[in-house]
Amino acid sequence: MGLLRGVARTAVVAGTATAVSNRVSRRQANRWATQDPYAQQAYAEPAPQPVAAPAPPATDDVFAQLERLGRLRDDGVLTDAEFNAQKAKLLAG
């Protein structure tokens, strides 16, 4: 008799779990059916972020670049006009 009672209890628990699971599945299916099927697939491209102006170079960096430009001019790689144009760009920031 005890074995039959255990089997009956297991059947009741399994039946209840199945009924609850089916009910939850039906509710979820009904919710999804009432929603726009394309709403979940919609993708909004993020707004473009404004491009920040480049930060002015650090003072030490400007001096290092001016020294390098001076060496290039002294070595004949740059003309005086090219040197002056690059120097103006560096100093303008």
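In what follows, residues are counted from 1 in the order of the sequence shown. On a predicted model such as this, the values are computed, not experimentally measured, just so you know.
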key: Glu82 side chain near Thr79 side chain, heavy-atom distance below 4.5 Å   = yes

key: CG-CZ distance between Leu78 and Arg73, expressed to the nearest 0.5 angstrom   = 9.0 Å

ask   = How long is the span from the CD atom in Glu67 to the CG atom in Leu72, to the nearest 0.5 Å?
value = 12.0 Å

query = Which distance, rounded to the nearest 0.5 Å, do you find between the CG of Leu69 and the NZ of Lys89?
reply = 10.5 Å

task = Any chance you could measure Leu66, atom CG, to Phe83, atom CZ, to the nearest 0.5 Å?
result = 6.5 Å

